[in-house]
Amino acid sequence: MSQDAPSQVEIERVAELREQVAYHLHCYHVLDAPEIADAEFDALFDELAALEQAHPTLQTDTSPTQRVGAPPLSQFEKVRHSRPMLSLDKATTREELELWMQRCRNRLGDGEITFTCEPKIDGVAVALIYEHGELTLAATRGDGNEGENILANVRTIGAIPLTLQNGGPGSVAVPAKIEVRGEIYIPLAHFTTFNAQALAKGDKPMVNPRNGAAGSLRQLDSKVTASRPLTMYCYSLGGTQGEWQPVTQDEVLSTFATWGLRTNPALEVVGDLDACLRYIDKLEARRDALGYEIDGVVIKVNDLAQQERLGSVTRKPRWAIAYKFAAQEATSVVEDVDFQVGRTGAITPVARLQPTFVGGVTVTNATLHNMDEIARLDLHVGDRVMIRRAGDVIPQIATVILSQRPADARAIELPQGCPSCGSAILRQGDEVVVRCSATRDYCPAQRKEGLKHFVSRLALDVDGLGDKLIDQLVDQGLVANAADLFTLTHEQLVALERMGAKSADNLLAALDTAKRTTLPRFIYALGIREVGEATAASLAIHFGDIEALCNADIDALEAVPDVGPIVGQSITEFFAQPEQLKLVTALQQAGVQWPNISVVPAAELPLTGQTWVLTGTLEALSRTVAKQRLTALGAKVAGSVSAKTTVVVAGPGAGSKLEKAQSLGIDVRSEADLMALLSQYADREET
Ligand code: IVH
């Protein structure tokens with residue numbers, strides 16, 4: 001026996017590890033229900049890779065370690081589709097949809113018809129071929145008849161199984177050969193993170209998630225694809241050889257799921273136009289919360305035999321239609337670029353746009369982030385641009401349409417000084433952000449923005465103190481800092497524009513009420529750079545009082561969960577300014593107060609005995625922080641849903657865990673509910 005020959009124990013261990021790794025990839029990418037921590041997964045994966053490396057005879061193509069490993073290609077091989085990959089007819093009005101259903105009925109005669117409704121995902125269509133359960137080919141749509149083999153790239157996508165698994169007793173066996181079709185896409189949260197990182201590194205960001213997905217799949221080097229956050233929803237059967245004879249579209253998809261393929265939980269079967277329209281309305285209302293981009297709903301005749309009878313015309317099936325939503329992209333013209341000064345002095349260019357209707361709203365402004373972004377886009381005032389709204393985020397300029405640049409287009413330059421106070425503009429180190437060099441006390445814009453933050457809902461929550469009023473108070477020299485708000489008099493207020501005696505009284509009463517706050521709110525209200533609501537709560541719980549926080553050095557700060565070097569430095573810099581310390585004292589002297597935070601015995605914590613599960617994307621809090629804060633309140637935070645689960649917090653993109661929670665009748669809440677609860681308890685913990 002050669003030195004390299006694996007022992008029986010090693011052979012068995014490799015098989016066991018492959019099964020475990022494949023299982024956990026499925027839990028993580030397909031079910032959105034990881035059962036082990038990332039580090040534990042890495043340990044299994046590394047052990048498998050090490051064994052395979054030590055014993056090359058144990059290596060196989062279907063091993064999960066082989067997802068990234070193909071050498072770069074010089075070109076993609078062409079593949080003919082077994083059956084053409086069709087496109088869809090579209091409907092943009094309810095009437096068109098009604099007419100389509102009517103045509104289906106007329107052609108099919110009497111038989112009852114049901115329809116499936118599914119999100120129309122804005123990604124890239126692909127066909128996957130599995131032979132004896134193994135992924136052997138993945139093809140793009142191409143011209144519908146012939147596409148390209150992108151197998152090496154597709155193998156890097158965690159959500160796509162390399163091997164289909166039989167679903168267990170009673171379920172359908174995986175056919176000898178099967179073609180699965182679906183859409184590969186980039187979830188919005190990943191798209192945003194990817195672009196933020198690309199911009200920070202000076203790399204080119206993706207124009208939109210669909211382009212990003214297409215570009216990622218077109219890479220000749222699969223290592224590049226592997227670094228892109230792609231996933232897939234499978235939506236139809238391209239063909240099958242073997243015994244399986246599915247009857248309906250929804251049976252196809254539910255069977256796919258039993259084999260480990262990722263299918264969209266938002267599929268519903270409806271019986272008539274009204275139910276279909278209700279689905280459309282419901283989905284459109286949830287569009288921003290889905291976590292991925294869609295451009296409509298695909299409605300399909302559910303019965304596969306009926307689909308066959310309806311057939312297709314000119315590359316479009318008669319049995320399906322796409323109901324399209326308002327586009328999230330549109331072109332507009334940049335009429336001007338303004339520079340806004342934020343509460344921390346950051347100066348941000350904002351494009352003023354010709355009002356344009358996009359994704360259901362009229363857009364007049366788009367953020368440009370920073371000067372690097374303007375340079376990257378090569379944006380000029382006067383340019384025609386492609387704008388896009390993704391989810392409910394602020395509209396962005398995706399690209400400049402250079403071919404339409406007018407002769408008098410004007411280059412955009414950073415102003416000489418701060419647009420508010422005229423002070424010099426600074427760029428720190430390699431930060432892309434530029435800032436006003438003056439402090440909040442000198443720069444009116446920073447002062448106004450700081451005050452707006454101080455009175456905002458998650459901070460001191462002063463009712464009836466809007467942006468316009470703050471602008472007036474600052475412009476008239478009545479308020480220089482937050483403490484001055486509490487010395488305002490009835491006489492001063494009634495002298496302001498549009499302020500009656502009653503409103504003045506109400507505002508004074510609201511200011512009085514706001515004085516009784518909580519330590520997390522107070523810390524957040526100070527407007528320290530990098531300190532959001534969640535960090536403020538962590539700081540409050542950790543330090544217990546404001547003096548300890550003011551005096552904390554960087555090491556003490558970094559001991560707080562959720563605080564790293566950048567946040568830590570920002571906090572120490574903030575409290576190193578004498579005027580900030582003075583403000584803290586002045587606010588306390590003005591009567592701003594909060595109850596002490598006391599350490600509550602574990603048995604009395606508000607969530608003791610409860611088990612919480614977090615699923616989908618959380619936007620305001622990182623998962624780690626959400627978990628830590630729930631745990632601090634006595635809850636256990638689990639990775640999977642069971643009958644013992646008390647509450648499931650479901651964010652955009654929640655999948656099987658949410659479904660399971662619903663089927664078990666478990667209390668399901670949104671991230672907003674979680675935030676409300678946490679702030680309520682952050683308040684209550686202080687007795
Ligand atoms: S069914 C003939 N279902 O839309 C059946 N397509 O314009 C066509 N798409 O190329 C595919 N989500 O890329 C189907 N749930 C869905 C879909 C979907 C997105 C795309 C697909 C196709 C295009 C048709």
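Note that ligands are numbered from 1 as they come in the structure, with each ligand's atoms numbered from 1 the same way. Values below: all heavy atoms of this structure, side chains included; hydrogens, waters and symmetry mates excluded.
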Distance-only donor-acceptor pairs under 3.5 Å for side chains of residues 658-665, two or more places apart:
residue, atom, partner, partner atom, Å
K660, NZ, V641, O, 3.0
S663, OG, K660, O, 2.8

Pairs of donor and acceptor atoms involving the side chains of residues 316-326, under 3.5 Å and at least two apart or interchain, shall be tabulated with distances.
residue, atom, partner, partner atom, Å
R318, NH1, L310, O, 2.6

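For R18, the salt bridge (Lys or Arg N to Asp or Glu O under 4.0 Å) criterion is met by E52, not counting sequence neighbours.
The aromatic rings of F41 and H24 sit perpendicular, their planes meeting at an angle over 60°, well past the 30° parallel limit.
Defined by atom type and a distance below 3.5 Å, a donor-acceptor pair is present between the side-chain atoms of E131 and T136.
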After noting the C-alpha distance and the side-chain angles of E148 and R218, does the key distance pass the salt bridge (charged side-chain N to carboxylate O under 4.0 Å, His left out) rule? CA-CA 9 Å; E148 289 178 323; R218 240 185 277 114; over 6 Å; no

With the criterion set at N/O pairs under 3.5 Å, what does the list of contacts between the protein and ligand 1 look like, atom names and distances included?
residue, atom, partner, partner atom, Å
ligand 1, 3 (N), K300, NZ, 3.1
ligand 1, 4 (O), K120, NZ, 3.2
ligand 1, 7 (O), L88, N, 3.3
ligand 1, 12 (N), I121, N, 3.0
ligand 1, 13 (O), E183, OE1, 2.5
ligand 1, 13 (O), E183, OE2, 3.2
ligand 1, 13 (O), Y235, OH, 3.3
ligand 1, 15 (N), E118, OE1, 2.9
ligand 1, 15 (N), P119, O, 3.2

